[in-house]
Amino acid sequence: MLFRTVCTLFALALGAASGIAHADDEAQRARGREILFQSGCHDCHTPGFAANGGEAPEAAWLVGDQLGWNGPWGTTYPTNLRLRLNDMSRAQWLAFAKAMKARPPMPYWALNRMSDADLGAIWLAVRALGKAGTPAPAALPPGVSPQGPVVRFPPPPQVVKAAR
Ligand code: HEC
């Protein structure tokens with residue numbers, strides 16, 4: 001009898017704990033979705049998003065883009081994050097995001113500075129969306145003409161470092 005009571009209490013505690021964990025994941029996922037909007041990830045990684053005033057069907061979220069960004073670095077294409085993040089564990093994503101560098105116009109410094117909690121939330125949100133789309137076209141080196149449409153950047157102004 002006592003054994004059964006203990007078992008029941010244990011099962012109840014486990015159930016409650018997994019309920020809490022589930023609610024917490026849900027909140028983190030919602031937060032991740034919000035960060036993806038607020039920090040501009042959709043602007044480049046979701047096709048048509050910026051041009052349509054921040055609107056895109058969820059099916060197209062973060063699938064990367066065929067629209068290239070062309071400048072002195074060559075031509076880059078926003079990565080398909082639905083494929084990229086779904087191939088990484090949470091720990092791999094955190095390590096990658098904190099250390100990553102990329103060519104323009106990817107604002108990698110924004111990712112480098114995010115907290116574990118924010119990066120983890122992004123990871124949960126993109127995992128929940130699942131894999132979709134195809135990989136973005138490979139980047140082209142300077143001097144190679146892109147075939148499809150591109151946004152062209154003029155050469156950047158010389159950065160003048162303040163004398164100390
Ligand atoms: C202004 C456009 C732009 C914005 C805004 C942007 N990205 Fe990117 N991102 C790119 C481009 C272009 C690349 C490809 C760069 C390259 O090929 O070197 C890229 C690459 C990446 C990569 C590298 C993937 C890999 O496999 O190397 C990750 C991860 C990434 N972006 C995540 C994000 C996240 C998360 C946000 C929001 C915080 C974001 N990006 C915002 C344009 C953008």
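Reckoned from all heavy atoms, side chains included, excluding hydrogens, waters and symmetry mates. The chain is numbered in sequence order, starting from 1. One-based numbering, in listed order, for ligands and for the atoms of each. Nothing here was measured: the structure is a model prediction, and the numbers come from that model.
- Not a single heavy atom of Ala110 lies less than 4.0 angstrom from ligand 1.
- For the pair Leu85/Arg127, no side-chain contact is recorded, criterion being any heavy-atom separation below 4.5 Å from C-beta on.
- Using a 4.0 Å cut-off between heavy atoms, Leu85 makes no contact with ligand 1 at all.
- Closest of all the heavy-atom pairs between Arg82 and Ala132 is NH2-CB, 3.3 Å.
- With distances taken over non-hydrogen atoms, the option nearest atom 37 (C) of ligand 1 out of Ala139, Cys41, Pro78 is Cys41.
- Within the 4.5 Å cutoff, the side chain of Leu111 has no heavy atoms near those of the Phe96 side chain.
- Remark: distances from the non-hydrogen atoms of His42 to ligand 1 are all 4.0 Å or more.
- Computed with atom 8 (Fe) of ligand 1 at the centre, the Met106 SD to His45 NE2 angle is 180°, stated to 10 degrees.
- Within the 4.0 Å heavy-atom cutoff, Trp93 counts among the residues contacting ligand 1.
- The ring of Trp69 has its center no closer than 6.0 angstrom to the ring center of Tyr77.
- The shortest heavy-atom distance from Phe96 to ligand 1 is under 4.0 Å.
- Heavy atoms of Asp43 stay at 4.0 angstrom or farther from ligand 1.
- In Ala97, neither the side chain nor the backbone holds a heavy atom less than 4.0 Å from any atom of ligand 1.
- Considering Asp65, Leu81, Thr79 only, the shortest heavy-atom separation from atom 24 (C) of ligand 1 involves Thr79.
- Using a 4.0 Å cut-off between a side-chain N of Lys or Arg and a carboxylate O of Asp or Glu, Glu26 and Arg31 do not qualify as a salt bridge.
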